[in-house]
Amino acid sequence: MLYTIIILAIIVCFLLVVIILIQNPKGGGLSSGFAGSNNVMGVQRTGDFLEKGTWVLAVTLMVLALMANVVVPRGGVVNQEKNEIQKQINQPAVPVSAPSNLPIPTDTTKK
């Protein structure tokens, strides 16, 4: 699911870049090809379509980002490892007794 959201977000980003680059901030862009016939060819509609497309793609990208935040796992494996380490730390130490069949060393330094 996460990979699907990431792929969709990349596609939306690419389309958003393309639509933004088609537009010209001074009223040109794609609509500049229809400059001689403003009312006949519907230049205003081209601008409206690009503007609405930009808004739709921007909102879609925000929704995909929020969905990715919800879907991403919250470190489940890391939390399990931390819990195991904490259990080992809290486990009481088992005393180890020395074997009883070893001879006791004598002090040979005394004269």
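Phe14 and Val56 are members of different hydrophobic clusters when ILVMFWY side chains are connected at heavy-atom separations under 4.5 Å. In the hydrophobic cluster analysis, where Ile, Leu, Val, Met, Phe, Trp and Tyr join through side-chain heavy atoms closer than 4.5 angstrom, Leu16 is grouped together with Ile10. Note: the hydrophobic cluster containing Val17 does not contain Leu64 (ILVMFWY, side chain heavy atoms under 4.5 Å, direct or indirect links). Put simply, Leu50 and Val18 are part of the same group of oily side chains (I, L, V, M, F, W, Y) that touch within less than 4.5 Å, one to the next. Residue Trp55 is not grouped with residue Met62 when hydrophobic side chains (ILVMFWY) are merged at heavy-atom distances under 4.5 angstrom, including chains of intermediate members.
Here Thr60 contributes atom OG1 and Met67 contributes atom CE; the two are 11.0 Å apart, rounded to the nearest 0.5 Å.
Minimum heavy-atom separation, Val72 to Asn69: CG1-O, 3.4 Å.
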Legend entry - Derivation and outcome, side-chain contact (heavy atoms from CB on, under 4.5 Å), residues Leu57 and Leu61: CA-CA 6 Å; Leu57 288 175; Leu61 184 61; over 6 Å; no
